[in-house]
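Each chain gets a letter, A, B and so on, in the order the sequences are listed, and its residues count up from 1. FYI, side chains are in, hydrogens and waters are out, and symmetry mates aren't considered; it's all heavy atoms of this structure.
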2 protein chains.
Amino acid sequence: MSEVYDQLEQTMHDWPRLEPEERLEAFSALPLERAEELLDCMNAIDQAELLESMPEAERRVWLRYLDPDDLADVLLETSDESREQMISLLDERNRHEVNALLAYAEDDAGGLMNPRFARLRPELTIDEAIRYLRKQSQSRISLEHLYVLDEEQFLLGEVALDSLFSARPDELVRDIAEADIVTAPEDMDQEEVGALFARYSLTAMPVVDEQGHMKGIITADDVVDVIYEENTEDAQKFGGMEALDDPYLRTGFWELIKKRAGWLVLLLLGEMLTASAMANYEAQLNAVWYLAIFVPLIISSGGNSGSQASTLVVRAMAMGEVQPKDWAVVLWRELRTGAVMGAMVGFVGILRILFWQYMFDGVYGAHYWELAFTVGLSLLGVVVLGCMAGSMLPFLLKMLKFDPASASAPFVATLVDVSGLIVYFSVASVLLAQAISGAAG
Amino acid sequence: MSEVYDQLEQTMHDWPRLEPEERLEAFSALPLERAEELLDCMNAIDQAELLESMPEAERRVWLRYLDPDDLADVLLETSDESREQMISLLDERNRHEVNALLAYAEDDAGGLMNPRFARLRPELTIDEAIRYLRKQSQSRISLEHLYVLDEEQFLLGEVALDSLFSARPDELVRDIAEADIVTAPEDMDQEEVGALFARYSLTAMPVVDEQGHMKGIITADDVVDVIYEENTEDAQKFGGMEALDDPYLRTGFWELIKKRAGWLVLLLLGEMLTASAMANYEAQLNAVWYLAIFVPLIISSGGNSGSQASTLVVRAMAMGEVQPKDWAVVLWRELRTGAVMGAMVGFVGILRILFWQYMFDGVYGAHYWELAFTVGLSLLGVVVLGCMAGSMLPFLLKMLKFDPASASAPFVATLVDVSGLIVYFSVASVLLAQAISGAAG
């Protein structure tokens, strides 16, 4: 890593800790090349903030420096008023490109692509093509990926650099182009774009409209950002909250509460069913008070096994390994896994009670064997329940057109808690019937 | 998307559902170019399986087709015996490259890189450089990224394609090279490599040894795979289990149990403390039986807010937004967030009890106001506790050199459950003192 990048790293680290006016000062003090690098590394929020703080002349220069796709992202982070003003500072071509990009949804292939890419005509000779590329090389267009388009901008194929270099000067571009390439329609969701890049190990992908006209190029570095972003969103949903729009420390206090409190209250309302469920077992609770002390242990085991199962299924869905029609395979797998793990956990639970009974001088009274088996069988039951609920909830959400990632650990736990309590007290009512009626009588 | 890729997509989807012998048959039936594409798209496990099922002559051809870095990944998925045999089928150069790669840890920059890349000498003229690239273009080396190395393989810089195309034929490579480039040391962890790609929007990065000799190149398509893989591992840890080595449906039944049951039993052992904690409140439980029915609701609210907080911090750490020294900023933020959200949740809890008391004809007896405030204040307390424990556990794990992603929702919930119960029964002992002593007396 060169010294220059060490400095850049330091600047980027300090950036969020600077006051807004200090940022502009620090930026303006940099030599041109370093300033360009710093701007390129920033996220769109920081870029927008910095540009808005600049005097107009400087802002004009930097707006024109940015690639159209990055520029569009910046404009989405500014106020309507400021956006109009910024667009008015662009030259004709830039303005046209940016307005076209702003028409796409931010999360679509169209919103992700760069409309500038290197194009070649099929009827050119290799010699002509190279001369043409030399001319294009002045205009900040990446030459790593070369596409063959006819005069109507219809995409015919791609020319790999090694084919170009190894071809004879009088061969035609048409003859060395590869026609079978992976493309994305303009409205493909960015999550799917990421999956395609991963599946086919792509470094770039053209975006085409319905008729097959090429509109832009998505490169793997854009996709890296997308995958980080999508994974963060999924992780946050999976943690039992709404996905944040901004990084954690950049999210405002009330915004943070808005994203979290809704789910927290919703989950509380769901969890209130546990109080109603337990109220039905007044007799059991009054008769055998220590039934209550195993409640947290039992419901949490159901929640934990449910969290494991939903994590596995949500991730496997996101990776395309599990499809909606695989639900029965998954259910059968989780049923068996749950049975084995439940038996293990249940066994440990039984040991715990027998051990305490032995250590603490008969603390659970005469019916300790029944209590031990009530807890053991209930643990088995809730772990199986957890595995089933956790693995099926993502399928259900997907079927109802929700994001499977919302099958969060807290959501699954809340589902399993009520049913887990019913299992526990039902088992207790049978196995501890004598103790319960004895105390009540 | 071309028809060819539609077929490829179909084949890849059916692949895991075919019997092993059917796979070889299907693969061998493809025209050469399609077979190459299919092999390129497979993961290393499938590649290894397919190669192992081939007759030796065919295996030799395909082993030599693979890039050295992919080949090394395949060899890691085979048995020791089969690995020896496969290496013996390689030619001298391939064997040398693969053995060098196998010496690196799989998750390091060295294990990720391709040792084949396009090199230019600094003293060449552009004209000579282009002639040299034309020769290299025959040997399956990517020409998208061109590196300048001296005779000792010391990395001097990179030549961008547009600089190459726009340079005069008699300029020197040295004069158009960019010397300030981001590089990775051989032993950099792949997670960090991914973060660098994201931070600097890279499409490729050279890997260098301590002295600065270039050993290979990592391209963004490799990084896309790495990020998916790392995110899946983090998600699984966060779901309360060990990360799987293989995709969910490809993981063996007992392997799956091994990865899950350990944590499940460990969490159960932790959760057993709740039973011990509650046993201390025998008097309260015996006196006011309905204290027990709010236990699940209270502890789950702590777990839910803890899950939110740990998700946010774990993700922000993975993205490099939050560093270990930011712990106090985060704690202060979560303390305030927890207080506000806890007040909201507590208020809803109070309403629930007052509403039930009104609807169900005084179900909670004379002391329902005290009960309502016990539940409300306890909810406030556990939500604050949850936010604090959830946000600090990742810092603690990181400090102890564990993976912060292990600060899973179930782990945090287990931590908060015990303290949550103590809060609840302590508040109850004060507010409901009269009811408790009244019943006991």
Contacting region of [X] [heavy-atom separation from chain B under 4.5 Å]:
X	result
A:Leu143	both
A:Leu291	neither
A:Ala261	both
A:Thr311	side chain
A:Ser142	neither
A:Asn304	both
A:Val314	neither
A:Glu282	both
A:Ala316	side chain
A:Leu244	side chain
A:Val329	side chain
A:Ala195	both
A:Leu379	side chain

Below 4.5 Å, heavy atoms only, C-beta onward: do [X] and [Y] meet side chain to side chain?
X	Y	answer
A:Tyr281	B:Ile293	no
A:Thr414	B:Ser300	no
B:Val340	A:Trp254	yes
A:Leu268	B:Met344	no
A:Tyr200	B:Glu37	no
A:Arg260	B:Leu312	yes
A:Val348	B:Met272	yes

With chain B, which of [options] has the greatest number of heavy-atom pairs at distances under 4.5 Å?
options	value
A:Val322, A:Thr337, A:Val418	A:Thr337
A:Ala279, A:Gly194, A:Pro296	A:Pro296
A:Gln323, A:Arg250, A:Glu33, A:Arg131	A:Gln323
A:Ile257, A:Leu285, A:Asp222	A:Ile257
A:Val223, A:Leu256, A:Val295, A:Asp417	A:Leu256
A:Val345, A:Thr274, A:Leu264	A:Leu264

message: Give me the atom names and distance for the closest heavy-atom approach of B:Gly240 to A:Gln308.
response: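 Where B:Gly240 meets A:Gln308 most closely, the heavy atoms are O-NE2, 2.8 Å.
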message: Ignoring hydrogens, what is the shortest heavy-atom contact between A:Gly239 and B:Ser307? Give both atom names and the distance.
response: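 Shortest heavy-atom contact: O-OG, 2.8 Å.
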- prompt: Where do B:Leu161 and A:Leu161 land on the side chain to side chain contact (heavy atoms under 4.5 Å, CB included) test, with the steps shown first?
  reply: CA-CA 10 Å; B:Leu161 281 167; A:Leu161 281 167; 3.2 Å; yes
- request: Please test A:Arg134 against B:Asp162 for salt bridge (charged side-chain N to carboxylate O under 4.0 Å, His left out), starting from the C-alpha separation and ending with a verdict.
  value: CA-CA 7 Å; A:Arg134 291 200 153 181; B:Asp162 50 348; over 6 Å; no
So what's closer than 4.5 Å to chain A heavy atoms on [X]: side chain, backbone, both or neither?
X	answer
B:Ala198	both
B:Leu273	neither
B:Met241	both
B:Ala309	both

Kindly compute the distance separating [atom1] ([X]) from [atom2] ([Y]), expressed to the nearest 0.5 Å.
X	Y	atom1	atom2	value
A:Tyr132	B:Phe165	OH	CZ	13.0 Å
B:Arg315	A:Thr232	CZ	OG1	3.5 Å
B:Trp356	A:Ser276	CH2	OG	5.0 Å
B:Thr219	A:Asp221	OG1	CG	12.0 Å
B:Glu230	A:Asn231	CD	CG	11.0 Å

- prompt: Cation-pi between B:Arg336 and A:Phe253: NZ/CZ under 6.0 Å from ring centre and within 45° of the ring axis?
  reply: yes
- prompt: Quick one: is the NZ or CZ of A:Arg333 closer than 6.0 Å to the six-membered ring centre of B:Tyr248, and within 45° of its axis?
  reply: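 Geometry flag: set, cation within 6.0 Å and 45°.
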Name the member of [options] that forms the most heavy-atom pairs with chain A at distances under 4.5 Å.
options	answer
B:Ser163, B:Cys41, B:Ser408, B:Ala160	B:Cys41
B:Lys259, B:His145, B:Glu271, B:Gln236	B:Glu271
B:Val265, B:Asp326, B:Asp40	B:Asp326
B:Leu249, B:Val224, B:Leu297	B:Leu297

query: Between A:Arg199 and B:Asp225, does at least one N-O distance fall below 4.0 Å, as a salt bridge requires?
result: no
